Amino acid sequence: MPPVAQALDVRAADLEREQRFYAFVEAHQERAVRMAWRLIGGDHDAAEDVAQQAFFKAFRGLNRFREDSALTTWFYSILINEARSHRRWRALRERWHMVPVDDTIPDPAAGVHPDPALRRRLAAALDRLARGQREVFVLVYLEGFTLEQTAAQLGRALGTIKSQLHRALRSLRADLADLHPPIAQGSGGTS
Amino acid sequence: MDTSDDRALTPEDRALIAHFQQNYAPPPRTAAQRLAMHDALHARLQRRWLPSWPLAAAACAAAALALWLVLPQRPAGPPAMASGAGEVLVAYALDVDATGELDEMLPQDYAAVEDIFDL
């Protein structure tokens, strides 16, 4: 192939790749930002940053995944990792400054929520869970991923996902027992 | 809720999850936020090749500057001559040929040429 034709071919492939990427961003950005928001504890700006970073990293792997389902699984794995990194950095900053860095204070979402206090209470309860339990709870019960999808995204066995879900529910029920009567009733439940 | 674990959920579990779904979610994003993310990603994609050539150019410039600063300055006057050549030239200038010392001072190749023409 002549060099000019080869260069045009590469450029066309680049354009196709970018178009596919923007379509992917369009299809997933709402869920990505919402999931990041829930995983990192309700900081909107940080959630946008985490999602953006995950999209940018996913762009590099577009050629590796021809099927959108594989690409989606891979993308959400990246997003989960980015959210973990954010939490680690935040914990480090808190330790360094010796005071909690409350990222939720400047969150514009707080003013829009019907009950900001309840939101903070729920965020704190999630924050007290072990990392694996928190992630599994968010992915399955809040984001609606299936157990199989969650296992693939987290790289864990299905049985591990189930047991973490069970433990997460048990801990949250105990932690939020005083929050609302329907939760308090029969909280001994399914053990 | 579409999970294969639904059979394990009690009504209390469902109420708890509903609490989270209703109260632990960000507000819907605005069109401006969506556009901002699109623009930011577009800018990053356009920048992804940029770091190579400016960095290389900057590195070359820095190396050239370092060489210019580190290498010794060139002398302002003419270069020093080799000692042997200087002596020959001095001998010519002083016309020492008359004493017969010049032949001995000439380099071998010059002497050979001299023999051919039998000067």
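Owing to the predicted nature of the structure, the values given are computational and were not obtained by experimental measurement. By convention in this document, chain letters (A, B, ...) are assigned in the order of the sequence lines, proteins followed by strands, and residues within each chain are numbered from 1.
Put simply, CZ on Arg173(A) and CG on Leu16(B) are 8.0 Å apart, with the number rounded to the nearest 0.5 Å. Atoms CG and OH, on Leu142(A) and Tyr24(B) in that order, are 8.5 Å from each other to the nearest 0.5 Å. Here the straight-line distance linking atom CG of Leu122(A) with atom CD of Gln22(B) works out to 10.5 Å at 0.5 Å rounding.
Contact of the Ile17(B) side chain with the Leu169(A) side chain is registered, since non-hydrogen atoms from C-beta on lie closer than 4.5 Å. Residues Gln29(A) and His38(B) have side chains not in contact (no heavy-atom distance under 4.5 Å, counting atoms from C-beta outward). Counting only heavy atoms from C-beta outward, the side chains of Phe21(A) and Leu41(B) approach each other to under 4.5 Å. Counting heavy atoms from C-beta outward, Leu45(B) and Phe55(A) have side chains that stay 4.5 Å or more apart. The shortest side-chain heavy-atom distance between Asn23(B) and Arg121(A) does not fall under the 4.5 Å cut-off.
Grouping the Ile, Leu, Val, Met, Phe, Trp and Tyr side chains by contacts below 4.5 angstrom, directly or via other members, places Ile40(A) apart from Ile80(A). In the hydrophobic clustering of ILVMFWY residues, with side-chain heavy atoms under 4.5 Å counting as a link, Tyr76(A) and Leu158(A) come out together.
In this structure, Phe20(B) and Phe137(A) have perpendicular ring planes: the angle between them is above 60°, well past the 30° mark.
Of the listed residues (Thr150(A), Val25(A), Leu118(A), Val138(A)), the greatest number of heavy-atom pairs within a distance under 4.5 Å of chain B belongs to Leu118(A). Most heavy-atom pairs under 4.5 Å with chain B, from the set Gln52(A), Arg34(A), Arg38(A): that is Arg38(A).
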Using the rule given for side-chain contact (heavy atoms from CB on, under 4.5 Å), can you reason through Val33(A) versus Met37(B), listing the C-alpha separation, both sets of side-chain angles and the distance that settles it, and then say yes or no?
CA-CA 10 Å; Val33(A) 172; Met37(B) 176 174 276; 3.9 Å; yes
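For Glu18(A), the part lying under 4.5 angstrom from a heavy atom of chain B is the side chain only.
Between Arg29(B) and Glu30(A) a salt bridge is recorded (basic side-chain N to carboxylate O distance below 4.0 Å).
For Arg44(B) and Phe56(A), the positive end sits near the middle of the six-membered ring, less than 6.0 Å away and at most 45° from its axis.
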